[in-house]
Amino acid sequence: MTRNGILALLVFIVLVGALLIVWKTSAQPSIQQPIAYNHKRHISEGLACKDCHKSALTGEAAGRPSEQTCRDCHDPGELEEGTEGKNPEIVKLLTYLKEKAQIPWRRIFQLPEHVYFSHVRHATVAKVACETCHGPMAEAVRPPSAPLVSITMDFCINCHVQQRSARAGAATTRDCNACHK
Amino acid sequence: MPRWAMVIDIDKCTGCQACVLACKAENNIPAVSREESARGRSISWMRILHEVEGEYPDVRLRFIPRPCMHCDNPPCTKVCPVMATYKDRDGIVAQIYPRCIGCRFCMAACPYTVKYFNWHTYEMPNLQQRMHNPDVSVRTKGVVEKCTFCHHRLQRAHDEARRQGRPLEAGSYTTACSQTCPTGAIRFGDLDDRDSEVARLAKSPRAFRLLAELGTQPKVIYLTERDRHAT
Amino acid sequence: MRYTRRHFLQTLGGAGVGLALSSFGFAASEKPEDLHDTWPDRQETWSISICQQCPGGCGIRVRQVGGRPVKIEGNPDHPVNQGRLCPKGQSALHALYDPDRIRTPLLRTGKRGAGAWKPLGWDEALGMLRQRLAGLQAQGEPHRLAILGGQYRGFMDPLWRRFAHAYGTPNYIRLNCLQTDQAMLAHVLSQGAQAPLSFDLRHARLILSFGCNLLETWQSPVHVARAYADTVSAAGGRTARLVQVDPRFSPTAAKADQWVPIEPGRDGALALGLAYVLIRENLYDDQFVRNFTFGFHDWVDDHGVRQRGYRSVVLDTYEPSHVAEITGVPVETIIQLAREFGARKPALAIGSRGVSQYSNDNLSRLAVHSLNALVGNIGQKGGVLGQNVLPFTPWPSFELDGAARRGVAMPRVDGAGQGRYLLSTDAFQALPQNLKADKPYSIDTLLIYGTNPLLSHPSGAGFSGVLDHVGFVVSFSPYYDETAMMADLVLPDHTPLERWLDDPLTQLAGFSAFSIAPPVVSPLFETRSTGDVVLRLAAMLGGVPALALPWKSYEDLLRFSARGLFEAGFGHVISIPEREGFRQLLRQRGYWRRELATFDDFWKALVSRGAWWDAEENYGALAMVLHTPSRRYEFYSQTLRRQVEEEARKLAEREKGLDVGAAVKRLAGELHLGQNEQLFYLPHYEEPSFRGEDRSYPLHFGSYKLMSRYGGRTGNQPWLQEHPAAFIESDWDPWVEINPVTARRLNIQDGEWVWVESSKGRLRAKARLYPGTRPNMVNMATGAGHTAMGRWAQGVGANPNEVILPGSDVVRGFGTLGETRVRIVKL
């Protein structure tokens, strides 16, 4: 192999390595959902967040809506009548329901594994609005490909500090152990 | 504010290690390899210390389960340069893993040797990762960990109480070790609740605290064993 | 199959490359599952099940998050463990999530034991086995099928038994170290027990345990621990006393109120020494002895022969100073124990695993049990109780066809039920040499379920050698254990949480219970419940097996059988303590009320709450516990006499020049009943037969079970491997316990590696200086030293069976484990 050849190979290896590092450390790639779910449409039909994210006000996690929840309003039997003229996204949904398959929703709002975040504490006890952390999800006509609000520890702490000064003596905690698990 | 505390009756402890295993399962504690184990690096938040005395046939054997003492005056927190370990509002000595820089000062300071260092990232096979308790984080290489009094159970008990709009009830929160102990040697509760079992047992004439002379004020209280071989 | 990550990296050419790759997440053999990639369901659910880590029968609840089992807790409503669990129970998820599980049926492709396999589909695998079995049937040789079963309880036993019978083979052989689902032979001989008797530990005020590791491995150690804790009063004093007789200072001995160190194998002599004092000092229950026992006083039998009774034998032979010489227990202790046993009522004597280690096993157990009869503690509160036979719906009857009838009439290949194994129901011990000699005939197909004799039996190595004499070996193991490695076909069972489980409870407190549990998770791999496989096989074979086993699935079988519980007119599905308390109140007033109106509701409740039980304790029901020819407790066992004499007559018929009297004597010798005709059928003491002479092998070798291990079956569970014991410094490495004085004499330091050698072989272990070891003994824990079974078991620890020379065991047909003598040699 020539000197240049070796050099080229080395450059190539370094480049590939660098690419790998960038790929490994880069921010989450944009997330595509299996169905282009329209939040706004559902909200305008009179549904509230908690109607589908069933434990948003009562549990630790808000919860991925189960297929049964979709089925409450969408009937896969409609597929029998043909798919023409139907919203193709709804057809996708009905197909999932018909095949009794789990819809491979992907999660966009993710917290690090060491964080304990309780919806019931925030949404019910402290009455924090969903939008505070999730942004204008109710306005979204298609699934966002990234979180609408960037949730960092600063974001949490800022809110906790403000709440604490706003409601002197209130229970808003700044205890590390309250949120770290 | 409650003061969470544990009372361990040495008389009832049979050294079965149910607590040790319950703790591991609850808190995602890895089995370090055989080689690491031989180097004294196995991690066991709850450990049964044993004492053997005498010569055959006059032998005594004593088991002392040893979790973190959750001292009211903890020596470990004072030496932490980054506030990764501190006493939280519930009196539990917390260990905040993302803050920990792995200096191990706290390990040296703890007279009860309850702290453990992650020398490696202990990878489990995929299949075993499925049994991870999602309520407890998996620690990475280079951080110190220890018994949390199953603090995540307290977080959940609080939430459950909040959801139902009532105060935290006595008995709604217990540790994994205490829950499983076959003889009921390990009791858990609120020391400030005068009606609680732990408060009552803590006043027993048999009650003592390990290395109390150091002034650490442990919240794990032991009950001595009675002299069982006197006939 | 054992292609670990390390191998992978090594083949890539060194740890450096591996490290670099793994930091990019490319060490792909075990890339962590990315849970964040999907949106996992975090729903928490709880399901009930039964712990299968040992045959204790504890009820469990499994916590699942998003359908994945993540933690096991005790079931608080279950009568056995009341919400508590032992370390094995806490570790049980490792059994489900063992990455080295067998994932599909396998057909051997290489040499036996080489580990070369071809995965098969279930239809193909079952078809293969069916063809083989149908072929044997067609040849008129169904008896050449043998089924080897292990230690398990519940309907799997009658299922296999019925399958074997309907197919036409007498060879359903169980390998039992502890017979938890059979009545103890001593109870059969003295009381005519038909089902295991139970011990009312909770109410006894004195428990005298002869080598029974009550707090570690006896039945459900959790149940015993609860009973033990119940007797500790708030002030720390105890309302009951536990006395442990054991050469080794075990954790149970440490927690007992008194430990009585004894020479190994001498328990029977001590029991009879206590009997001497009880009789001499008139501390026994004269009324019970007079009204409910047989053979206490001398008597003249039907033939006009004067027979000696228990009393005169004991008074003539077991004077305390003599017993002290045999046992090494001081005279004062013997007298103190006897006086206490006579005075503290109810007092309970238990002899089980500890005494089973020696060839005088049955005599020792008879001697120990005779103490219960002396103080009248049979069928009493705090005593030895009978249990109600569970009222299951009986299975439909069926008729054997001609070939099957001829098959089941053949002698068993292990020789159980005749000659030396006259008193044994199973005699695995005899199997290796019989298979080797094709005696009484050769075995064509061997099915192995729920046992791993290659590890757990002292003649394991010999057994593996004789498998060449078996045409086809089928294993049902879910893991690549030592025995499965030798199979030709593997039909992997589910692990417990993936299948239907059932457990009839035995030998605990007086209540009777039946636990049941549906699968907690869907199977992770292509495995099948062996119960279902046996039923499927029967259906595929057609004919009598199909008629005898008409159920489609094991679930169907359980549902069919459980109907009887619903119709019984007593007992309840277990419930929360509040409701149980109310039921108890009603019961005391003589009421019983049906809780669930239909069987469907009953079944639903049963499988969601986990057990049915009848809390009624059978106090005072002597009729239930005494089924002997005399309808009394027999100090002098007429049952034993009749069995021995019958067999002797057969023997005399077969052998010319042998009269019945001589045959009885010979048989008695083989059955370890001694030489003295007058004593054959009475509890008495015979010397254990130790192997290895004193000079070369000066130390007794004792083996025991750890709380953290049940045989070898938990070897693939890394937490338990990491923390085997708390009473001694221990980790993954094997250790041998040596008395510090003995060690000093041998110049051995604590933690030093040594050889343990017997005339059979040797093993390497770390010396642990433990003052609880008798100076003339060394002790080792069993259940380690796997040569297979996955990454956490293979090559870890040492197997005591490497050095144990099993003595002849005429009770369990298993082998006596405590009669080997060894020496310790520095490395």
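Convention: sequence-line order gives letters A, B, ...; per-chain numbering from 1.
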* To do: Considering only NZ, NE, NH1 and NH2 on the basic side and carboxylate oxygens on the acidic side, decide whether B:K24 and C:E722 come within less than 4.0 Å.
  =>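 A salt bridge links B:K24 with C:E722.
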* To do: Would you mind checking which part of B:S33 comes under 4.5 Å of any heavy atom in chain C, side chain (CB onward), backbone (N, CA, C, O), both or neither?
  =>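 For B:S33, the contact with chain C is made by the backbone alone.
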* Contacting region of B:P205 [heavy-atom separation from chain C under 4.5 Å] ->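 When you check distances to chain C, no heavy atom of B:P205 falls under 4.5 Å.
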Which atoms of [X] are under 4.5 Å from chain B, going by heavy atoms: the side chain, the backbone, both sets, or neither?
X: C:D98; answer: backbone
X: C:L524; answer: side chain
X: C:E73; answer: side chain
X: C:Q717; answer: neither

Any heavy-atom pair between the side chains of [Y] and [X] that's under 4.5 Å?
X: B:R156; Y: C:E44; value: yes
X: B:P125; Y: C:Y97; value: no
X: B:T183; Y: C:R226; value: no

* To do: Go through the side-chain N and O atoms of B:T180 and C:Q90 and say whether any donor and acceptor fall under 3.5 Å apart.
  =>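 Yes, because at least one side-chain N or O of B:T180 sits under 3.5 Å from a partner of the opposite role on C:Q90.
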* To do: Taking all heavy atoms of C:Y770 and all of B:L61, pick out the closest pair and write down the distance.
  =>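 Minimum heavy-atom separation between C:Y770 and B:L61: OH-CD2, 3.7 Å.
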